[in-house]
Amino acid sequence: MSLPVVTRFAPSPTGFLHIGGARTALFNWAYARGHGGRMLLRIEDTDRQRSTEPAIQAILEGLQWLGLDWDGEPLSQFARAARHRAIAEELLRRGRAYRCYCTADELEEMRERAAAAGLPPRYDGRWRDRPESEAPEGVAPAIRFKAPSEGETIIEDQVMGRVVFHNRELDDLIILRSDGTPTYNLAVVVDDHDMGVTHIIRGVDHLTNAARQSQIYEALDWPVPVMAHLPLIHGPDGAKLSKRHGALGVDAYRTMGYLPAAMRNYLARLGWSHGDDEIFSTEQLVRWFDLDHVGRSPARFDFAKLENLNGHYLRATPDDQLIAALVEFLPHVPGGAIMLARLDADALARLERLMPGLKERAKTLVELMESARFLVAGRPLAMDDKAQAILAGEGRQALKALLPVLEQAEWSAPALEAAVKSFAEARGLKLGKLAQPLRAALTGSSTSPGIFDVLAALGRQESLSRIGDQAV
RNA sequence: GCGCCCUUCGUCUAGCGGUCUAGGACAUCGCCCUUUCACGGCGGAAACACGGGUUCGAUUCCCGUAGGGCGCGCCA
């Protein structure tokens, strides 16, 4: 246990980095960083049909956005095919593997027969002890691992506990295809060994593989790494993650306006806990993260909680950093580019003044963007329904009456508030009666920060002309 | 079908035999704050799947049942 920790994240590049993969990466990362170890990245691209370069890029970018870095260069599993083949042959030499001359049709038939008999679809081992001399003409053999047929294989899982598999349940899996390329279970074992991986942290969907891989380690006389299998993440309805909810690429979460720090925090709490702590920094996560406190039951993805958490992070981010985050965010969201183009120095200065009020009201960068939009919006100003209603009746009258008062007022938030207040009192009106139409006229929205701050931030000329537009 | 895994408020979870009249967070409901919307504060409702054991004592340990998940490819 005194060995330096080496973890790895090993996605297959057949699509984007989904939320489950992101959490697996986060846990591997946190574990390695918290134990003075390294986290390696391996791209499991041995399936040439389904692996794509764009998918690799998407995964790398997803990790980067999440703020998860890895040590060394990403390793291509495919590039190591020769090494895998050599180990398959080594297994053959050791008598722990054999050539299988079954055809695809034959295997299909085998599965069908098993299904008909109500048996598990397993390879029956027909070439396990059959001499090579009986090999049929013209059939390229695959190499199968000679799995132990008796006894049991035990996984001492750091999360799931001691898991026992009866060896009779595990059939002889193919480790080298008839075209000479390695299959997953062989490649994983060889790579993890060669990379010096000490801790394998991955989803429970690999638990059965853990048993098969453990057998291969044993056949090779290699030490089995520490294993930890994480429960899966489900959608809000408890079923499998679908496109509709959680099975989105992490880039989708970026587009929805979530902050990487909030994502890390939220993902960490999905399946792992540190007492009653809910909001903690990434630094604390690294310090606290352990396998002991990873739960065993699957978790549902809850957008409401993510959103709440994101709101916390938004509010906690210093204004200048938040503006930087927003500026960086805009190109990734529909309509954002236009807004970015209009954010000149003047608008940025106004945004800075309003940020304390704006960020308190936003849960995502999208909401922040929407609430700041009036700063750069051209006229006529787009109005939300409530704002329109407010300006429909008395609101317009109030604005008209208010205009001369504002023209006379000293131009600062407190002074404007005082002026409007005394005007309201003189007329026996509630302040809200005047503030509401002002808000609507200036921002086109019924939800905005302190309206007097808005007035001050916009400036006398801009404000008066906007109010004038709406008052006529 | 077979194997493995899981099961505390609606959701994420704390709990590792007595401290549990089961704690926190999100969501929800009510009140307060307030120029709107939020934020914030206070308070409410809300859970140990079921049945057997083990034990002086089970949310915690064991076994069943039910429900859910994952796996069973010359995919990873």
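Quick note on labels: first sequence line is chain A, next is B, and so on, each numbered from 1.
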For [N], the Watson-Crick or wobble counterpart (both distances under 3.5 Å):
N      : result
U55(B) : none
U36(B) : none
C72(B) : G1(B)
U11(B) : A25(B)
G67(B) : C6(B)

Within this structure, what is the [atom1]-to-[atom2] distance between [X] and [N], rounded to whole angstrom?
X         : N      : atom1 : atom2 : value
His206(A) : C4(B)  : NE2   : P     : 20 Å
Glu169(A) : G71(B) : CD    : C1'   : 12 Å
Phe145(A) : C74(B) : CZ    : P     : 16 Å
Leu416(A) : U35(B) : CG    : C1'   : 14 Å
Leu429(A) : U35(B) : CG    : C1'   : 12 Å
Met160(A) : C6(B)  : CE    : P     : 6 Å
Arg212(A) : A76(B) : CZ    : P     : 13 Å
Asp171(A) : C74(B) : CG    : C1'   : 13 Å

Taking the [atom1] atom in each of [N] and [M], what is the distance between them to the nearest angstrom?
N      : M      : atom1 : answer
A45(B) : C29(B) : C1'   : 7 Å
A47(B) : U55(B) : C1'   : 25 Å
U21(B) : A27(B) : P     : 29 Å
U13(B) : C4(B)  : P     : 25 Å
G3(B)  : C9(B)  : C1'   : 33 Å
C2(B)  : C61(B) : P     : 28 Å
U60(B) : C48(B) : P     : 12 Å
U7(B)  : G51(B) : C1'   : 15 Å

Have a look at [X] and say if it touches a base, only the backbone sugar-phosphate, or nothing, with a 4.0 Å heavy-atom cut-off.
X         : answer
Thr46(A)  : sugar-phosphate
Arg111(A) : sugar-phosphate
Glu360(A) : base

At under 4.0 Å, does any side-chain N or O of [X] touch on OP1 or OP2 of [N]?
X         : N      : value
Ser273(A) : A14(B) : yes
Thr208(A) : C72(B) : no
Arg269(A) : U11(B) : no

Are His199(A) and Tyr31(A) close enough that their ring centres sit under 6.0 Å apart?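 For His199(A) and Tyr31(A), the ring centres are under 6.0 Å apart.
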For Tyr184(A) and His206(A), I'd like to know if the aromatic rings sit close, meaning centre-to-centre distance below 6.0 Å.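 Ring centres of His206(A) and Tyr184(A) closer than 6.0 Å.
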Does [X] make a side-chain donor-acceptor contact with the base of [N], cut-off 3.5 Å?
X         : N      : value
Arg439(A) : U35(B) : yes
Asp276(A) : G23(B) : yes
Ser178(A) : C74(B) : yes
Arg361(A) : C39(B) : no
Asn308(A) : A27(B) : no

Taking the nucleotide of RNA chain B with the closest heavy atom to each, which residue, Asp47(A) or Leu306(A), is nearer the 5' end?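 Its nearest nucleotide lies further toward 5', so the answer is Leu306(A).
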Could you pick out which residue, Val139(A) or Glu417(A), lies toward the 5' side of RNA chain B when each is mapped onto its nearest nucleotide?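 Nearest-nucleotide comparison on RNA chain B picks Glu417(A).
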Taking all heavy atoms of Val159(A) and all of Arg296(A), pick out the closest pair and write down the distance.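 Shortest heavy-atom separation between Val159(A) and Arg296(A) comes out as O-NE, 3.3 Å.
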Does Arg42(A) pair with Asp192(A) as a salt bridge, N-O distance under 4.0 Å?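 Yes, charged N to carboxylate O under 4.0 Å.
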Which value, rounded to the nearest 0.5 Å, describes the distance between Asn209(A) atom CG and Met227(A) atom CE?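 Answer rounded to 0.5 Å: 9.5 Å.
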Are the side chain of Arg96(A) and the backbone of Leu220(A) linked by a donor-acceptor contact shorter than 3.5 Å?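 No, because the side chain of Arg96(A) does not come within donor-acceptor range (under 3.5 Å) of the backbone of Leu220(A).
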Identify the residue among Phe280(A), Phe301(A), Tyr258(A) that makes a ring pair (Phe, Tyr, Trp, His ring centres under 6.0 Å) with Tyr266(A).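 Per the ring pair (Phe, Tyr, Trp, His ring centres under 6.0 Å) rule, the option paired with Tyr266(A) is Phe301(A), out of Phe280(A), Phe301(A), Tyr258(A).
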